[in-house]
Structure formats: structure tokens, C-alpha cells
2 protein chains.
Amino acid sequence: MLTERRATILGMVVSEYIQTAEPVSSRAIVANHHLDLSTATIRNELARLEDEGYITQPYTSAGRVPSDLGYRTFVEVLMSEDPVRAEEQRTIEHQMHQVGGGLDEWLSLSATILAGAVGNVAVVTRPRARASRLRNAQLVELNRDTALLVAVMDDGRVCQRMLTLRAPATQADLSDRAARLTARLEGVDASTVRALLAELTDADDAATARAIAELIDEERSAEETFLDGLSAVLKQPEFSDVDRMLEAVATLQAYRVRQLLEEAVGAVPGATRVVIGHEHGDDALQEWSVVLARYGDADALGTVAVIGPTRMPYHRTIPRVRYVAGLMSHLLHEVRQA
Amino acid sequence: MLTERRATILGMVVSEYIQTAEPVSSRAIVANHHLDLSTATIRNELARLEDEGYITQPYTSAGRVPSDLGYRTFVEVLMSEDPVRAEEQRTIEHQMHQVGGGLDEWLSLSATILAGAVGNVAVVTRPRARASRLRNAQLVELNRDTALLVAVMDDGRVCQRMLTLRAPATQADLSDRAARLTARLEGVDASTVRALLAELTDADDAATARAIAELIDEERSAEETFLDGLSAVLKQPEFSDVDRMLEAVATLQAYRVRQLLEEAVGAVPGATRVVIGHEHGDDALQEWSVVLARYGDADALGTVAVIGPTRMPYHRTIPRVRYVAGLMSHLLHEVRQA
DNA sequence: GGTTAGCACTCTCACGTCGAGAGTGCTAAC
DNA sequence: GTTAGCACTCTCGACGTGAGAGTGCTAACC
């Protein structure tokens, strides 16, 4: 049973360890928070906390280090969040408005800002529509028999694809075709586009429509992630040996990150979710934690996440992830709203 | 004076060191290439090569390591290139055609492929038009008073920007405006667009045209780089200590890479250029080499580069960089050709 | 029963020593 | 000009050691 006093002590161990990265000793605890207790009493309580699985010792007679359960308890009952104050909000929003561009620029920028704010790796995925639809298609002449198809989707994605034309066409022809197809295919999902293919007699019309259908459900929009903060996280003492560092770089490049983010499935926008160490299955990721939040609405969801060692300043990270996800929801709403 | 025999020996030192990363001893030289000479003779010649600055000793009585001058000589006169054989060409081209998408996807993919082929970091920049021009503009309604401007440039760039409208407009209005502006601004450079601004009486027409002008000469197209191969390069023995590795990650993230690539200024498409160690100015980059080639034509140039420690397999890297740059020129030509 | 002082015990870590090994430069002979 | 032989230099890993940090336990105390 976790008595109130032991809970307090656990909280101290966790926050101390998060701050210093050194195993926490009984002496450090009485020194930094004036409890009216001796180190011996603390040691007794620490022994109990260890029995109950909240903390561990790296070796006999070293200080204590939180276990995953310890962090979990910290996050859920002991910690008080460090809110994003008005000042910091202003800074973030100001940076966010520095760039005027499209969705991708916001995504990339938000990853950079978030990484800077929490000192760990930040990942932002492009929002993925449950079933996105075409909003507008345009064809641009590249040369006699090649055209660039630019399609804007209702979730704000802008996709492009090169098309080889059967019949040469002028820009006027192409614009005309794009207008015709937009009129017919706007607001329609991929399978419906495919159903309509039969009605298109012109070969190039059909090829264009087929390309549009492919662009609509191109998986890539889900895969693409914007990541920043790598060199910041590598400065953490957990990576002070070469093998760990290499492992970290390899883990954070591409493949694994996607697995980490699959934890996001089922999360609701507005809430943050924290996955700590062993709580995700993959062996290689057991020393990492992920704090994530989804943004967007029922039609298109993206993920904002921070990834770092389990020894992570959760009290700072969680509110910042939530805040940035909120900002992104807002921005996305502006873009989507028809 | 570099006699023929010393040149041969220098070549052996450099290739041996590139392969093993260990200082090369006189014994290693006679063991691996059957010269009819004793280690003592080799030692005499090594001493001469050291006097002349081609090689150095990490400490008294260790083997020899090439200096920047040694590498330079190797690259220019001693080395014979390891050509990209038909088999490998097929593999690369095959990977290249895996993805159907636009310019960005090609750029990103080519960086990945090149990094894999040479085992170092590869960087590809988006081609930058000397002065790019508008090919086509389209406006897409987002909500009552916001529209997305999508502009296609004659160098294949697709840019987007959100616009806030003074006067609400329907999609038909927007398409109409886009068509009008395209007709007027097509093939025109940024300063000319600005000159024409005065003629536009409608506030939203003017705002759109101004946005187009900004997109045309947005510097970002030059800055954006596609990079891959980080974790491969970190496995090289030169980064076997933590500080070096951190330094390497920091160097290769963003800022410095751009400086490295400035070496590209003035290079002509078709030729590769090699910058070794101290040959570029910045202190932090003195242990790095860059092999780069420009691609494209007179109107729009991009850069393909490989970055790695000075101990780099130049004989493999140079032909592969040249080959990929050639492929990119080809692809770009297809896209640009009007 | 909870709390605490005291103490023996354990484990890590930084430091210094030391010898093996690798490689050289030099000398003298060919 | 080439080469065998040898003394010399420097690195690097292994090993030992002692200081220091921190614990668990016991016994006394409130």
C-alpha cells in the first residue's frame, strides 16, 4: 500500500532523478526538501517503495532510480503540471506566425518549436483524413505531352503528380479539363471517383481522374513526419556512451518512430497520452517514453508527440504537447473549414 | 619532388587508410602489395613523404595517416575511379522509379539512394532558378474569407500560401481571378510582377499578385535540403567517442551543411568538385570532406553532395555523385521542358 | 510502534602503474 | 641505393588500489 508519506517521498525521488539523472540517495532527499525525518527513516521507506516496485537500485547500495511504475504513478497522481505561461504562449505563437506558408511549413515549424520548448525530440505527423476528398484539381503544362496535376484536398493537403498525356494539349485544354473534372469530382471520395471512371470516354480524362483517386488515398500523407530536436536529446546523460547514442540515432531515424506513434491510435483530440518505457511492446524502445496528443477533428487527425528517455520532464512536456496540439487543431480548422 | 615510386607508395597509404582507418605501417604496405622492397626502404620513403607534407604521424613511431594534401594528390592523380557498373545503375534507376510523385519526392529519394550507395551523408538541394517565373496560379476556397494560393513555377516548384480575402468570394470568383492573373503574370519574373501591381485596382487581385511575387523569389527554395545517411556516417570509427559524435550530429543538422554547400557556387553541371578538410574555411569542418556536383541547366541549378570524414572512399563516391547528379539533370529536364 | 544514531559492508569509479606490442629511425653492412 | 638489426618511443589495455558514496541492519530511544 502506498501511504501518503511514501507517495511524497516517491514524488521527490522521481523529480530529483528527472532533474539530476543521478540515482537519488536518502541524504539528497532530506537535504533538498526539509522533511522532519532522518535519512534512516527515509531509507526504510525507500526499501518499502522498492519492494512495491516503484523504484530500483542500479546496484546494491547505490541511490534509487524510478521504475516505469514509478514514473507512471508520478505522472498520474503525484506530479503537478508546469503550465505554459502567457509569456511562453506568446513566444510560441509569435514563432508560429513567422512563416506564412502552407500546412507543411506549419508542421515542420511546430516540431522545431516544440523540440526547443521541451529539450527532446518532437514529431508532428501530417493530419490524415479518414477519407479525404478532392476540393480542386489543376493541370499545368510542362511540355507537349507531360502535365503536372496539382490537387488540393479538403484536409488542406496539396498533392502533385506528373502525367504523361496520350493526346498533346495546350494549357487552355488542360485548364478546361481540370475545370470539368473538378466540377465532377469535387467532394467525392476515392472509391466514388473510381466508380465514375467508366463514364469518362476520353483517355486522358480517365488517366487524370485515376491519378486523382490515387492521390486521394495515398498512404504517404500518414507516413510523413516532421521531426526535430535530435541533437538536443543526444546531450542527455543517458546517451553518454557511444553505443547508446548510435542506437538512439538509429531508433529515431524513421522506422521506429512510426511504431511509437501507433500508440496514438484511439486517442481523442484534446487529451494527452503518455506511454512509458515497457508499456509499449518493442524491445528496442523500452527506455523511451512518448507524450502524444492528437489534433484535428473527426475528419482529419494528426499527432503531435515528444519522444525522449523515460527520465523526461513530464510536468513540462505534457502541457506543452497539449498546447501545441491545440494550436495545430486551430490552424487546421482554419484551413479545412469550407 | 614526388618520384614515381613515392607516388605509388602514397597511393597505397591512402587507400589502405581509407579502408582500415588505422595508421598505415611500412610492414602493412609490403604485406598487402608485393613490392620488391623491404620495410626499411619503405620507411625511408615514408619519411620523405612526411617531409613533403603528404602524410603525418599521429605520434612518434605510429603508422602514417594521409594529410589533406595527401588526399588531394590521391584524388587528382593517383586514384582510379570505381565506376558505377550497369548492375548498380539499374538498381538505382529502379529505386528512383518506385515513386511516382513530384520533384520533392525525387529529391528526397535520391538523397536516400546516394547515402546508401556511398555509406555517408548525402544532401540534395532543391534546384533554384536563377530567376524563376510563374507558370500557373490557382486559388482554392478554404472558407468565406480565406483562400489557398497554389503557384506552379517554371522550374517545377509548387508553392502554396494562405490568403485572407478582403471581399468574400466563391470558388468561381477565385478561379476566375486565378485565370486572369495567370494570363497576365505567366512567364514574368518577380520584379516585373511588382511593377504591374499598380495596374491592379482590385485589392484582392493586388494581394494575390503580391503573394505570387513573394513566392517567386522565396529564398526557401534554396535553403531546403534533403539529407539522409546520418546513422551510417556515425558508425565510422572517427566518431567512436561521444564528443566527436555529438559534434558530428550538430554539424550535419542544418546550419553548417549550408556552408559546406556554398562551395558549390561556381561549379558547372556535369563536373564533380571535391573539397577536402582545411580547404574550406570554417574551423568546425576541417575534418570533413564534401564531394559535390551541380545538376540542372543554366536556368535552374541544384546540388547533389556527399559529406563525410576526410577519410572517405573518394574513388567510389565521386562517380556515384556524378551519376546521381546526371540522373537528376535528366529528371529536371523532363519537368522543366516547356 | 515508529524513529534514529551508529557502524560495518558493498559497490563504483578515478587514478596510477606496468608490461606487451607495434612501429619507427638510425646505423652499419651489402 | 637497399636492407638487416636493434634500440628507442609511444599507446593501450589489464590490473590493483583506495577514496567515497550509500546502503542495510542493529540497538537504543521516544
Side-chain angles (χ1 to χ4, degrees), chain A residues 1-10 12-13 16-17 20-67 70 237-238 240-244, chain B residues 1-10 12-13 16-17 20-67 70 237-238 240-244:
Chain A
M1 238 231 34
L2 192 62
T3 64
E4 187 160 347
R5 191 172 72 177
R6 272 204 289 285
T8 311
I9 294 176
L10 175 58
M12 291 169 177
V13 171
E16 190 89 11
Y17 185 67
T20 64
E22 306 267 307
V24 181
S25 71
S26 52
R27 188 150 48 80
I29 292 176
V30 294
N32 296 340
H33 321 73
H34 37 32
L35 291 173
D36 281 337
L37 291 171
S38 73
T39 58
T41 307
I42 302 293
R43 280 202 292 280
N44 286 331
E45 294 292 50
L46 290 177
R48 291 290 306 271
L49 284 168
E50 187 168 359
D51 290 342
E52 292 164 2
Y54 294 104
I55 53 181
T56 57
Q57 277 178 301
Y59 51 89
T60 351
S61 64
R64 297 317 207 289
V65 166
S67 66
E238 14 273 287
S240 62
D241 105 83
V242 190
D243 292 335
R244 305 242 166 206
Chain B
M1 237 233 34
L2 192 60
T3 65
E4 188 160 346
R5 190 171 73 176
R6 273 204 289 286
T8 311
I9 294 175
L10 175 58
M12 290 169 176
V13 172
E16 190 89 12
Y17 185 67
T20 64
E22 305 267 306
V24 181
S25 72
S26 53
R27 186 150 48 81
I29 291 177
V30 293
N32 296 339
H33 320 76
H34 38 30
L35 290 174
D36 281 337
L37 290 171
S38 73
T39 58
T41 309
I42 303 293
R43 279 202 291 281
N44 286 331
E45 295 292 50
L46 290 177
R48 292 290 306 271
L49 284 167
E50 187 169 1
D51 289 344
E52 292 165 1
Y54 294 103
I55 53 182
T56 57
Q57 278 179 301
Y59 51 87
T60 350
S61 65
R64 299 314 208 289
V65 166
S67 65
E238 13 275 286
S240 61
D241 105 81
V242 192
D243 292 337
R244 306 241 165 209

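Within every chain, numbering begins at 1; the chains are lettered A, B, ... in the order of the sequence lines, protein sequences first and strands thereafter.
- Nearest approach of B:Ser67 to B:Thr56, heavy atoms of both residues: CB-CG2, 4.4 Å.
- Among the nucleotides D:dT3, C:dT3, C:dG25, the one closest to the side chain of B:Arg64 is C:dG25.
- Considering B:Glu45, B:Glu52, B:Glu50 in turn, B:Glu52 is the only one that fulfils the salt bridge (charged side-chain N to carboxylate O under 4.0 Å, His left out) rule with B:Arg48.
- Across all non-hydrogen atoms, the minimal contact from B:Val13 to B:Val24 is O-CG2, 3.6 Å.
- In A:Arg6, the CZ atom is crowded: over 12 heavy atoms of neighbouring residues, nucleotides or ligands sit closer than 6.0 Å.
- Here the closest heavy-atom approach between residue B:Tyr17 and residue B:Pro66 is recorded as CD2-CD, 3.4 Å.
- What separates CD of A:Glu16 from P of D:dG22 is a distance of 11 Å, to the nearest Å.
- Under the Watson-Crick and G-U wobble criteria, each requiring two contacts below 3.5 Å, nucleotide D:dG1 is paired to C:dC30.
- Taking each heavy atom of A:Thr39 and A:Arg27 in turn, the nearest pair found is CG2-CA, 3.8 Å.
- Listed for the B:Ser26 side chain is no donor-acceptor partner under 3.5 Å among the backbone atoms of B:Arg43.
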Strictly under 3.5 Å: I want the nitrogen or oxygen pairs between protein and nucleotides 13-21 of chain D, one per line.
none

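- Atom P of nucleotide C:dT3 and atom CZ of A:Arg6 are separated by 11 Å, given to the nearest angstrom.
- D:dC10 is paired with C:dG21 under the criterion used here, namely a Watson-Crick or G-U wobble arrangement in which both key atom distances are under 3.5 Å.
- Atom CE of B:Met12 and atom CG of B:Leu35 lie 4.0 Å apart (nearest 0.5 Å).
- Within the model, atoms OG1 of B:Thr3 and CG of B:Leu49 stand 7.5 Å from one another, a figure rounded to the nearest 0.5 Å.
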Report all interatomic pairs (protein N or O, nucleotide N or O of nucleotides 27-30 of chain D) with separations under 3.5 Å.
none

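- For DNA chain D, the residues of residues 39-60 of chain A within the heavy-atom distance limit of 4.0 Å (strictly under) are A:Arg43, A:Gln57, sorted by number.
- In this structure, the CG atom of B:Asp36 is 12 Å from the C1' atom of D:dT2, given to the nearest Å.
- The CG atom of B:Leu35 sits 15 Å away from the C1' atom of D:dT3 (whole-angstrom rounding).
- Rounded to whole angstrom, the span from the CD atom of A:Glu22 across to the P atom of C:dT12 amounts to 15 Å.
- To the nearest 0.5 angstrom, B:Leu46 atom CG is 10.5 Å from B:Thr41 atom OG1.
- To the nearest 0.5 Å, atoms CD1 (B:Ile9) and CD (B:Glu16) are separated by 13.0 Å.
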